[in-house]
There are 2 protein chains.
Amino acid sequence: MIYQNHPKQLISVDCVVFGYQNEQLKLLLFERDLEPAKGELSLVGGWVNENKSVEDAAAQVLLHLTGLSDIFLKQVSVFSKPDRDPGGRVISVVFYALINIEDHNQKLVDEFGAKWWPVDQLPNLVFDHNLMVEKALEKLQQLATYELVGRDLLAEQFTITQLRNLYNSIFQREFDPGNFRKKILSLKAMDRLDIKDTSESKKGAFYYQFKSQEEINISERIVKL
Amino acid sequence: MIYQNHPKQLISVDCVVFGYQNEQLKLLLFERDLEPAKGELSLVGGWVNENKSVEDAAAQVLLHLTGLSDIFLKQVSVFSKPDRDPGGRVISVVFYALINIEDHNQKLVDEFGAKWWPVDQLPNLVFDHNLMVEKALEKLQQLATYELVGRDLLAEQFTITQLRNLYNSIFQREFDPGNFRKKILSLKAMDRLDIKDTSESKKGAFYYQFKSQEEINISERIVKL
DNA sequence: TCAAAAGTGTTTTTTATACACCCATGC
DNA sequence: GCATGGGTGTATAAAAAACACTTTTGA
């Protein structure tokens with residue numbers, strides 16, 4: 001090691017884990033298991049050590065929580081105010097993750113006492129975690145503006161209405177059903193199946209399924225502003 | 001300090017400093033003054049210590065270079081592959097900065113041997129610095145899509161054509177003069193002065209000046225895709 | 001039978017693009 | 001007088017929004 005004389009810092013990752021259930025965008029909170037603020041609600045986090053990138057560290061946190069190693073992850077930003085954590089100087093790199101609640105709920109709830117909270121009625125979180133969530137949601141909106149978000153949040157098969165409800169909750173506004181359908185279908189990013197979902201309407205709505213990532217090529221804005 | 005037993009890491013900031021000169025978007029490069037790769041070209045960087053946020057650390061680097069303390073700075077992302085720096089494990093938080101070349105060139109060139117390079121013909125840089133530049137440019141384009149970029153790069157007074165040339169070089173494409181002018185003026189973000197610039201055309205072009213940040217409220221996309 | 005979601009079609013408005021054309025002036 | 005960038009206007013195309021209307025079927 002050449003850079004001998006420079007002070008080192010503690011680095012952590014914190015993950016804003018988004019899920020979608022009952023037509024609500026939710027995120028995963030935990031009761032903090034160490035001091036300070038033990039028992040209060042917080043995001044999941046982990047330490048970054050010598051031989052891992054921050055992406056790997058975040059992926060490892062998610063792997064530990066869900067048993068899955070291919071979870072959708074994006075960097076939000078770095079939080080590094082010297083006094084942001086009363087327990088000491090910790091620089092935190094924040095990520096957001098998208099996961100399917102139904103698939104992973106059991107392990108999460110049973111083993112870790114995790115709780116899903118609707119993003120539009122979050123409680124107070126420890127330290128600067130509320131700010132992290134806010135930034136993460138902005139990034140998610142940014143992503144959903146130019147890319148189709150849903151593969152990681154919805155079931156394998158889903159209706160256009162379910163996708164629209166997801167977009168409604170990401171952007172906290174109501175998209176027009178007819179216009180949303182036309183816009184989404186024009187992207188040619190999904191295949192219509194021959195099966196219908198009859199649970200949400202009497203008429204029944206066709207199920208769709210995302211094409212493989214390679215077949216999808218979206219080069220236009222999906223959501224205006 | 002409560003978090004005793006966790007390994008700490010070396011943290012640095014690296015700055016992609018953009019400037020604009022001769023109708024070219026340029027960035028500031030330095031000859032690295034320590035091993036490894038001493039003498040090769042790199043971005044400016046600095047270490048992050050205990051009592052400073054990464055934003056403060058980046059601002060300090062820029063202050064040192066230019067003497068200015070209010071430089072435009074945005075976070076790009078974290079680069080943290082364990083082997084990204086052959087000199088040891090360093091996690092780098094990358095920022096980009098926008099500065100006016102004419103205002104600060106002397107100090108930069110004289111004291112630090114800095115060199116301005118057109119972004120579209122960059123040499124090989126040390127480590128992962130080329131990748132950092134690429135990401136920074138993407139972020140700058142993202143910013144310029146929904147906000148008017150120019151205040152920090154152009155002179156106080158500038159013509160629409162100069163602003164268009166800046167946008168041309170940020171997006172590496174040619175905007176239509178008539179349409180660009182209409183779009184920009186519709187934002188009502190600048191005041192027209194009664195002075196003309198006659199250096200770039202015989203007819204002369206009116207100078208404009210940005211309104212104060214508070215008066216500017218852009219709620220639409222400026223550049224399509 | 002009728003409420004309610006699914007799905008299609010039509011109209012209007014807004015935004016983007018292409019490009020014609022006049023202006024002013026230094027050479 | 002003509003080439004050059006400055007500046008305005010117009011026609012067209014593309015994208016977004018508003019909304020009417022038809023279909024289907026369980027309650």
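Naming: A, B, ... by sequence-line order, numbering from 1 per chain.
Within the nucleic acid shown, B:E220 has no heavy atom closer than 4.0 Å to any nucleic acid atom.
At the phosphate of C:dG7, neither OP1 nor OP2 sits under 4.0 Å from any side-chain N or O atom of A:K203. Remark: A:T161 is in phosphate contact with C:dA6, judged by side-chain N or O atoms under 4.0 Å from OP1 or OP2. In terms of phosphate contacts, A:K182 brings no side-chain nitrogen or oxygen within less than 4.0 Å of OP1 or OP2 of D:dA17. Applying the 4.0 Å criterion to OP1 and OP2 of D:dA27, one finds that A:K202 has every side-chain N and O outside that range.
Ring geometry for B:F72 against B:Y96 counts as tilted: the plane angle lies between 30° and 60°, on a 0 to 90° scale.
If you take NZ of B:K224 and P of C:dT14, they are 18 Å apart, rounded to a whole angstrom. Between the C1' atom of D:dG6 and the CD1 atom of B:I184 lies a distance of 16 Å, rounded to the nearest Å. In this structure, the OH atom of A:Y146 is 13 Å from the C1' atom of D:dA15, given to the nearest Å. Rounded to whole Å, atom P of C:dT8 lies 10 Å from atom CD1 of A:I160. If you take CZ of B:F206 and P of D:dT8, they are 9 Å apart, rounded to a whole angstrom. For the pair A:I222 CD1 and D:dA15 P, the computed distance is 14 Å after rounding to whole Å. The CD1-C1' distance, from B:I218 to C:dT15, rounds to 16 Å in whole Å. In this structure, A:F175 atom CZ and D:dA16 atom P are separated by 11 Å, rounded to whole Å.
Side chain A:N179 to base D:dA18: a donor-acceptor pair is found below 3.5 Å.
Take the nearest nucleotide of DNA chain C for A:R221 and for A:R192: the residue whose nucleotide is more 5' is A:R192. Residues A:K183 and B:D176 both approach DNA chain D. Their nearest nucleotides, taken by heavy-atom distance, put B:D176 toward the 5′ side. Nearest-nucleotide mapping onto DNA chain C: of A:S201 and B:V223, the residue sitting toward the 5' end is A:S201.
When distances run from any side-chain atom of A:R181 to the nucleotides D:dA17, C:dA6, D:dT8, the shortest one goes to C:dA6.
How far CD of A:E200 is from NZ of A:K196: 13.5 Å, rounded to the nearest 0.5 Å.
Electrostatic pairing of A:K115 and A:E31 counts as a salt bridge here, judged by a charged N lying under 4.0 Å from a carboxylate O. Look at A:E55 and B:K81 and you find no salt bridge, because none of the NZ, NE, NH1 or NH2 atoms lies under 4.0 Å from a carboxylate O.
Within 6.0 Å of CD on B:E220 lie more than 12 heavy atoms contributed by other residues, nucleotides or ligands.
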